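Working notes, structure below.
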Amino acid sequence: MNIGITYDTLEMYSKKELNDLHFDFAQLLSINRIKKILEEYGCSVKLIGNKDNLLNLIKRGEANFDLVYNTVEGLGSRNREGLVPAILEACHIKYMGTDAFGLSMTLDKALMKSLAIQDNIKTPKYCVICYDNDMKDINKKLRNLNYPIIIKPNFEGNSSGITVEKNFEKAINTVLHMLENYKTPVLCEEFIFGTEITVPVIGNDLQNAIWGITTVDIQQSYDFWLDVNTKLYGNYKNKLLELSSELKEQFFSIIIKLYKRIGCHDFARFDFRMTPQNEIYFIEANPLPALFEGGSFDIVGHSYGYSYNETIRKMVNTAAERLSIPKI
């Protein structure tokens with residue numbers, strides 16, 4: 001199979017090092033590892049790069065791929081994750097994962113919360129503060145929440161910009177700072193004291209999908225949350241969370257609703273908080289997840305008897321089956 005991998009790094013956007021605004025880019029080391037794995041399965045693999053590189057290949061008539069493995073996050077638009085899939089779809093090039101509409105939908109965290117509520121899925125009480133809201137509106141919205149609250153840019157990922165504030169005064173300052181720096185709406189939601197949970201899913205027929213409920217091994221209290229510094233530099237491991245059959249069924253029911261509502265293809269990851277009373281709160285969906293050894297997909301893959309390499313192969317073959325092309 002001839003596979004192209006679309007990806008982006010900080011350097012592609014003239015950013016030389018990590019900053020406190022955007023952390024949602026790939027590590028070239030991880031991309032090269034996936035390339036090597038696919039080559040070991042007999043694939044011819046080309047590292048394409050971001051949307052600009054892809055467009056240049058298409059213009060030159062050199063985008064003759066059987067399948068594109070898309071990981072591009074993009075920058076500077078609420079549609080940033082959907083740009084590469086939209087280009088591929090317009091040019092009739094087959095690709096892995098959810099389409100442009102689904103990726104843009106899930107990048108809008110507030111929109112996903114409103115859709116979850118429509119499907120009777122619990123999500124933390126929240127408000128959205130926009131750049132044109134006056135101080136009276138901002139005060140009113142923030143005073144209507146119970147503290148502590150989590151504050152985050154509405155269109156960012158990988159915990160970029162996220163902070164927890166314990167009182168109204170600090171929340172005001174954080175929101176104003178975030179509005180100024182990100183130039184996007186800011187999502188403020190009540191902090192749910194409980195267990196940090198991630199649910200990765202591989203499959204299109206959910207009744208036969210690979211999925212599992214994971215958490216991190218460093219959580220020792222219900223006020224813990226996985227911030228960006230811990231994600232980037234922390235010494236922790238993902239692990240399966242052993243739950244009762246009843247709770248697993250509750251999670252699975254939620255996943256089915258979200259998967260169908262978004263229109264996910266091939267794989268996706270869903271984040272939750274679960275209270276000590278076993279109340280499940282949906283936080284966000286990510287159908288463009290990072291895939292790395294020791295990550296939640298790898299851990300769940302191991303629970304089904306797959307190595308990391310075999311999990312990557314399973315994801316490619318899941319897309320290949322949906323797209324009616326030969327598997328690897």
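As the structure is a prediction and not an experimental result, all values here were calculated from the model.
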request  = Apply side chain to side chain contact (heavy atoms under 4.5 Å, CB included) to the pair E73 and R80, showing each step before the final yes or no.
outcome  = CA-CA 6 Å; E73 297 288 347; R80 60 185 175 83; 3.7 Å; yes
ask   = What's the verdict on side chain to side chain contact (heavy atoms under 4.5 Å, CB included) for I5 and Y69, showing C-alpha distance, side-chain angles and the deciding distance?
value = CA-CA 5 Å; I5 301 179; Y69 190 149; 4.1 Å; yes
key: Ring geometry between Y259 and F270 (parallel below 30°, tilted from 30 to 60°, perpendicular above 60°)   = tilted
request  = Measure the acute angle between the ring planes of Y304 and Y306, then classify it against the limits of 30° and 60° as parallel, tilted or perpendicular.
outcome  =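 Geometry flag for Y306 against Y304: parallel rings.
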With a 3.5 Å cut-off and no angle check, do the side chains of [X] and [Y] form a donor-acceptor pair?
X	Y	value
S307	N309	no
N53	N56	no
Y131	E180	yes
H177	N173	no
E89	Y95	yes
K257	N120	no
T184	N154	no
S296	N238	no

query = Please walk me through it: do R269 and V201 pass side chain to side chain contact (heavy atoms under 4.5 Å, CB included)?
reply = CA-CA 6 Å; R269 193 195 75 220; V201 180; over 6 Å; no
task = I would like to know whether F65 and K94 meet side chain to side chain contact (heavy atoms under 4.5 Å, CB included); could you show each step before the answer?
result = CA-CA 8 Å; F65 303 106; K94 295 180 178 180; over 6 Å; no
remark   = Minimal heavy-atom distance between K152 and M178, with the atoms involved, is C-SD, 3.5 Å
Does [atom1] in [X] sit with more than 12 non-hydrogen atoms of other residues, nucleotides or ligands closer than 6.0 Å?
X	atom1	value
K170	NZ	no
Q220	CD	no
R78	CZ	no
E321	CD	no
K36	NZ	no

ask   = Would you find a donor on one side and an acceptor on the other, under 3.5 Å apart, between the side chain of T215 and the backbone of L241?
value =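 Not a single qualifying donor-acceptor pair exists.
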key: ILVMFWY cluster, I299 and I37 together (side-chain gap under 4.5 Å)   = yes
Please determine if [X] and [Y] form a salt bridge, counting it only when a charged side-chain N lies under 4.0 Å from a carboxylate O.
X	Y	answer
R322	D266	yes
K314	E310	no
E189	K113	yes

query = Think K122 forms a cation-pi with Y281, using NZ or CZ under 6.0 Å from the six-ring centre and within 45 degrees of its axis?
reply =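 Verdict for Y281: a cation-pi partner in K122.
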